[in-house]
Amino acid sequence: MTLKLGVNIDHVATLRQARRAAYPDPLDAGAIALAAGADYVVVHLRKDQRHINQTDVANLCKLFPKQIHLECSCSDFGQAAALKCKPYSVCIVPELPGEVTTTGGLNFTLAVQKRLSAMIEKLHKKHILVSLFVNPVATDLRMAAKLGADIVELCTAAYSEAKTQKQSQKLVQELALSALLAQELGLEVHAGHGLDYHNVLAVADIGGISCMNIGFAIITRALFTGLPSAVEEMKNLL
Ligand code: PXP
């Protein structure tokens, strides 16, 4: 199985919003990421639209109908945006007001199960694949399968924050067991959150994961790999 890469470009929009400017445009970032070999472009449409906004999602989906993976919460807002923009796939994530980033997988309370089930059905009617962002625990994987998800994205936040090698090895093992169970349940398996150039390989080596979704590490690395030529270009202009 070839491991695919979804590049999350939220923080291109974070930079744009820092100046309320027209650039950098996430559309350009998406095109560059795909031309460089990314398999998917990932964007998280938050309710507060603090980085990616609904117009970005609509434009990205128009331009790359088979390559946009939209993250949104299980809410009327997320559902309406997904049904309108029709991305290739949607990952439903928990979203807490004021959080800096997604803090973990979905919490499958009875109320959440009911809302997820209805949202999954509506997305499926529009032929949109549905992924659920889950913690790597058996009960949550079984719940994702029961609710009719096509994909689970295993949350790697705890792994990426591990403080010791022993802890990190234990968490990789948990991810590996979860990937195995998810496959047995007929789910496609993705992984993401907090992955970077140092910690990604241990997760990439787990069999059965088909796609890794990575944002912050790639966008921040791009600042430094791109800075020399940006400075050179300006210097040449002067
Ligand atoms: N996967 C999910 C479900 C996420 O919410 C995020 C962050 O938006 C990512 C992956 C990417 O995480 P990071 O930016 O830490 O690579």
Side-chain angles (χ1 to χ4, degrees), residues 3-15 17 26 29-30 33 38-53 56-57 60 67-75 78 81-82 87-108 112 116 119 123 129-137 140-141 144 149-162 171 175 178-179 182 187-204 206 209-223:
L3 191 48
K4 293 187 172 171
L5 173 65
V7 176
N8 181 312
I9 57 167
D10 290 349
H11 296 304
V12 171
T14 301
L15 277 181
Q17 295 314 108
D39 298 281
Y40 300 105
V41 171
V42 185
V43 282
H44 185 169
L45 180 66
R46 289 184 166 273
K47 266 190 237 168
D48 60 11
Q49 302 187 65
R50 69 184 188 216
H51 38 56
I52 291 292
N53 61 43
D56 295 326
V57 179
L60 281 161
Q67 284 142 316
I68 302 303
H69 182 64
L70 173 68
E71 294 173 358
C72 65
S73 63
C74 187
S75 60
Y88 175 70
S89 50
V90 164
C91 181
I92 307 177
V93 300
E95 202 174 288
L96 304 170
E99 68 185 0
V100 172
T101 183
T102 318
T103 52
L106 290 158
N107 179 11
F108 293 99
V112 169
L116 281 170
M119 183 163 167
L123 293 170
L129 290 172
V130 182
S131 173
L132 298 183
F133 191 48
V134 295
N135 293 316
V137 293
D140 289 5
L141 298 168
D150 307 286
I151 306 163
V152 277
E153 178 170 337
L154 301 175
C155 176
T156 52
Y159 160 74
S160 70
E161 286 158 17
L171 292 163
L175 289 164
S178 296
L187 295 159
E188 186 178 323
V189 190
H190 296 184
H193 210 287
L195 297 174
D196 62 30
Y197 293 84
H198 306 288
N199 64 19
V200 73
L201 286 184
V203 181
I206 295 174
I209 295 178
S210 63
C211 183
M212 316 272 273
N213 294 321
I214 307 177
F216 191 71
I218 294 177
I219 301 303
T220 52
R221 167 75 59 117
L223 289 180

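Only a predicted model underlies this, so the values are computations on that prediction, with no experimental measurement involved. Order of listing sets the numbers, starting from 1, for every ligand and every atom in it.
With 3.5 Å as the limit, one finds no donor-acceptor pair spanning the side chains of His193 and Glu153. In this model, no donor atom of one side chain and acceptor atom of the other lie less than 3.5 Å apart for Glu71 and His69.
Judged by distance alone, with hydrogens and angles left aside, the side-chain atoms of Asp10 form a donor-acceptor pair with the main-chain N or O of His44 at under 3.5 Å.
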Hey, what polar pairs (N/O, under 3.5 Å) does ligand 1 make with protein?
residue, atom, partner, partner atom, Å
ligand 1, 1 (N), Glu71, OE2, 3.3
ligand 1, 1 (N), Glu153, OE2, 2.5
ligand 1, 5 (O), Glu71, OE1, 3.1
ligand 1, 5 (O), Thr102, OG1, 2.9
ligand 1, 8 (O), Asn8, ND2, 3.4
ligand 1, 8 (O), Glu71, OE1, 3.3
ligand 1, 14 (O), Phe216, N, 2.9
ligand 1, 15 (O), Gly194, N, 2.8
ligand 1, 16 (O), Gly215, N, 2.8

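Two residues are said to be in side-chain contact when any heavy atoms from C-beta on lie closer than 4.5 Å; Ile209 and Leu3 meet this criterion. Between Met119 and Cys72 the shortest side-chain heavy-atom distance falls below 4.5 Å.
Contacts of Thr14 classified as side-chain hydrogen bond (donor to acceptor under 3.5 Å, both in side chains), with partners at least two apart in sequence or in another chain: His11.
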